[in-house]
Amino acid sequence: MSERGPVVVVGPPGSGKSTVGRMLAEHLGVAYHDADDDIVDDQGRPIADIFATDGEPAFRAVEEDTIARGLREHTGVYSLGGGAVLSAATRARLAGHTVVFLNVGMAEGVRRAGLSTARPLLAGVNPRATYKALLDARLPVYREVATVEIDTDGRTPEEVVAALAERLPAGRAAERRAP
């Protein structure tokens, strides 16, 4: 496991990637970046629009390129979109990074995600069934790339960050910037 590059946060929708990622970066005194925000900034439109207009394969290609650049350029904490780990190229690029998997159960994930139309893969006739299928398909992939796994069910973001701070590799503490 490399001590360079960002701490990467992965997990399904509603696991807390953005919230925990920001708080973890603050706790560590490092920069925070979100791959989804990078995509929106680069493309000049929301992710839901990219899905609707260009389709999921086009979005995934943009996402893969954005993450490749982000892993090279960003330090600190870098949160990825929930489906980013589906790309074999992205999984290969994650090798050597500290990768935190924020695990969330179906009921809690659905509650947190709010079944929002801003989450294109959850829009549809039966979002709960879609979310369950998403979890079933992605759980092994999240675990494949993870170097640290934290269960977020029943925990506040502050509790998740405290648990992560205890479990991150020792070299990560050396990255903290002086206040």
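By convention here, the first residue in the shown sequence is residue 1.
Without hydrogens or angle criteria, Y131 side chain to P12 main chain gives no donor-acceptor distance under 3.5 Å. Under the 3.5 Å distance criterion, the side-chain polar atoms of S15 are left unmatched by any main-chain donor or acceptor of N103. Y142 places a side-chain N or O within donor-acceptor distance of the main-chain N or O of G11, the cut-off being under 3.5 Å. With hydrogens and angles disregarded, no donor-acceptor distance shorter than 3.5 Å links the side chain of T19 to the backbone of G16. Panel note: side chain T75, backbone P6; no donor-acceptor pair is recorded below 3.5 Å. Distance alone, capped at 3.5 Å, is enough to place a donor-acceptor pair between the R167 side chain and the E149 backbone. Side chain of T66 to main chain of I39: no donor-acceptor pair is present (N/O by atom type, distance under 3.5 Å, no hydrogens or angles).
Closest of all the heavy-atom pairs between A31 and A25 is O-CB, 3.8 Å. Residues V85 and G82 come closest through the heavy atom pair CG2-O, 4.3 Å. G21 approaches S79 most closely through the heavy-atom pair CA-OG, 3.9 Å. Counting all heavy atoms, side chain and backbone alike, Y32 lies closest to S18 at OH-CA, 3.3 Å. I67 and A35 make their closest contact through CG1-CB, 4.0 Å (heavy atoms, listed as atom of the first residue, atom of the second, distance). Taking both residues in full, the closest heavy atoms of G154 and E159 are given as O-OE1, 4.0 Å, listed atom of the first, atom of the second, then distance.
When each of R60, E64, E63 is tested with T90 by the rule side chain to side chain contact (heavy atoms under 4.5 Å, CB included), just one qualifies, namely E64. Just one residue in the list V10, L164, V148 forms a side chain to side chain contact (heavy atoms under 4.5 Å, CB included) with L102, and that residue is L164.
The salt bridge (Lys or Arg N to Asp or Glu O under 4.0 Å) contacts involving residues 90-104 comprise R91-E144, where partners must be two or more places apart or lie in separate chains. Residue pairs meeting the salt bridge (Lys or Arg N to Asp or Glu O under 4.0 Å) criterion with at least one member in residues 26-47, sequence neighbours excluded, are D42-R69, R45-D54.
For H74, the ring pair (Phe, Tyr, Trp, His ring centres under 6.0 Å) partners at least two apart in sequence or on another chain are H33, Y78.
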* Asked: Step by step, would you call L94 with L71 a side chain to side chain contact (heavy atoms under 4.5 Å, CB included)?
  -> CA-CA 8 Å; L94 291 175; L71 290 172; 4.0 Å; yes
* Asked: Going through the checks in order, is the side chain to side chain contact (heavy atoms under 4.5 Å, CB included) test met by V20 and V77?
  -> CA-CA 10 Å; V20 169; V77 177; over 6 Å; no
* Test side chain to side chain contact (heavy atoms under 4.5 Å, CB included) on V7 and L168 and set out the steps. => CA-CA 9 Å; V7 172; L168 286 177; 4.3 Å; yes
* Asked: Step by step, would you call F101 with V141 a side chain to side chain contact (heavy atoms under 4.5 Å, CB included)?
  -> CA-CA 10 Å; F101 165 38; V141 183; over 6 Å; no
